[in-house]
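Working notes, structure below.
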Amino acid sequence: QALVVDLDEVDALGELAVSERRCDEGRAHFAEALRLLEQKGHADPAALNAVLGMGRAATCSRDFVTARAYLRRGEALAVKTHGADELRVADALNRLGELHLASDELEAALISYREALAIRVARSPEDSPLLGEAHIRVGEALRRMGRLGEAAAAFEQARASCAGPSSCEGYLE
């Protein structure tokens, strides 16, 4: 039980560091999580958060080669442990989309975000903040591509998803 608490704490510290653009610190936390897992001999499913976190931290520091390797590993791990159409795969696809957006691979970002959106549509209630977030990600990729009409439609779908009892506060500005 202690390993789960330690891992959750280390993962949370890594996510916080990356969200605050302290990329190297985030990478150190996720590397520690992977080290803890390896030390304890834990199998693949427990490593998913740390593997995706390493990819996110590498994206944050613009180390796109490392990010791509970790995120592809995370996507494969999510498919293997959860199935191809599960929400954890959508998480991995969103991280890949972030990488593609950061490296100006806009078409690849749109593809990743649309794949994640399809999973969220199949697996989430219509008023889910996660569904609203998925529409926002698609809209942002379209906006960056200059496809403004399609982007506006995606943002409107996000608003519709966020209009129900679940709040998308923080996703819509």
Side-chain angles (χ1 to χ4, degrees), residues 7-8 11-21 26 30 33 44-60 64 67-68 70-173:
L7 274 177
D8 288 345
D11 282 340
L13 289 170
E15 288 294 334
L16 177 63
V18 171
S19 71
E20 293 178 348
R21 306 287 307 152
F30 293 120
D44 289 346
L48 183 57
N49 287 340
V51 169
L52 291 176
M54 285 293 284
R56 185 168 183 235
T59 298
C60 173
F64 300 135
R68 191 176 317 281
Y70 274 105
L71 294 173
R72 288 290 179 203
R73 178 178 162 197
E75 180 186 19
L77 185 55
V79 168
K80 177 182 170 188
T81 58
H82 298 286
D85 62 345
E86 288 297 326
L87 293 174
R88 291 307 315 247
V89 176
D91 293 340
L93 289 165
N94 280 333
R95 299 286 171 99
L96 276 167
E98 291 168 5
L99 161 68
H100 295 311
L101 210 58
S103 61
D104 289 324
E105 299 171 271
L106 302 180
E107 189 65 40
L110 181 60
I111 290 167
S112 291
Y113 287 152
R114 282 185 167 160
E115 288 176 8
L117 173 61
I119 293 170
R120 295 242 191 259
V121 165
R123 296 286 184 184
S124 302
E126 287 182 25
D127 63 346
S128 169
L130 294 176
L131 188 54
E133 176 204 4
H135 285 295
I136 290 168
R137 289 176 184 274
V138 168
E140 180 57 19
L142 289 164
R143 185 193 67 75
R144 295 255 318 259
M145 295 171 83
R147 294 163 59 178
L148 302 182
E150 292 172 85
F155 291 134
E156 278 307 308
Q157 287 183 300
R159 278 195 203 293
S161 294
C162 296
S166 298
S167 172
C168 293
E169 192 173 319
Y171 294 119
L172 295 172
E173 298 177 10

Q) Looking only at heavy atoms, what is the nearest atom pair of Gly74 and Leu52, with distance? A) CA-CD2, 3.8 Å

Q | Intermediate values then yes/no, side-chain contact (heavy atoms from CB on, under 4.5 Å), Tyr113 and Leu93 | A | CA-CA 7 Å; Tyr113 287 152; Leu93 289 165; over 6 Å; no

Q. How far does CG of Leu117 sit from CG of Asn94, to the nearest 0.5 angstrom?
A. 9.0 Å

Q: Look at Glu140 together with Arg137 and state whether they make a salt bridge at an N to O cut-off of under 4.0 Å.
A: no

Q | Point-to-point distance, once rounded to the nearest 0.5 Å, from OG of Ser161 to NE2 of His135 | A | 4.0 Å

(Q) Assess the residue pair Leu142 and Leu106 against the criterion (side-chain contact (heavy atoms from CB on, under 4.5 Å)); give the C-alpha distance rounded to whole Å, side-chain angles, the decisive distance to 0.1 Å, and a yes or no. (A) CA-CA 8 Å; Leu142 289 164; Leu106 302 180; over 6 Å; no

Q: Look up atom CG in Leu87 and atom NE2 in His82, then write down how far apart they are to the nearest 0.5 Å.
A: 10.0 Å

Q | Which atom of Ala67 lies closest to which atom of Gly55, heavy atoms considered | A | CB-O, 3.5 Å

Q) Do Leu110 and Arg147 come within less than 4.5 Å of each other through their side chains, counting heavy atoms only? A) yes

Q. Counting only N and O atoms by type, is there a donor-acceptor contact under 3.5 Å from the side chain of Ser112 to the main-chain atoms of Ala109?
A. no

**Q.** Shortest non-hydrogen contact from Glu15 toward Phe30
**A.** N-CZ, 3.4 Å

(Q) The criterion is salt bridge (Lys or Arg N to Asp or Glu O under 4.0 Å); which residues satisfy it with Glu20, sequence neighbours excluded? (A) Arg22

**Q.** Residues which pass salt bridge (Lys or Arg N to Asp or Glu O under 4.0 Å) with Arg114, listed by chain and number, not counting sequence neighbours
**A.** Glu150

**Q.** Stepwise side-chain contact (heavy atoms from CB on, under 4.5 Å) test for Glu98 and Cys60
**A.** CA-CA 9 Å; Glu98 291 168 5; Cys60 173; over 6 Å; no

Q) Considering all heavy atoms of both residues, which atom of Thr59 and which atom of Ala102 are nearest to each other, and what is their separation? A) CG2-CB, 4.0 Å

Q.
My understanding is that only residues two or more places apart in sequence, or in another chain, count here; which of them pass side-chain hydrogen bond (donor to acceptor under 3.5 Å, both in side chains) with Arg88?
A. Asn49, Asp91

Q | Under 3.5 Å donor-acceptor, Arg144 side chain and Leu101 backbone | A | yes

Q | Atom of Ala50, atom of Ala33 and distance for their closest heavy-atom approach | A | CB-CB, 3.8 Å

Q: Using modelled atom types only, decide if a donor and an acceptor are shared between the side chain of Arg56 and the backbone of Arg95 within a distance under 3.5 Å.
A: no

Q) What's the spacing between Glu75 CD and Glu115 CD if we round to 0.5 Å? A) 7.0 Å

**Q.** Closest contact, heavy atoms only, Gly26 versus Val18
**A.** CA-CG2, 3.9 Å

Q) Where do Ile119 and Glu86 land on the side-chain contact (heavy atoms from CB on, under 4.5 Å) test, with the steps shown first? A) CA-CA 7 Å; Ile119 293 170; Glu86 288 297 326; 5.8 Å; no

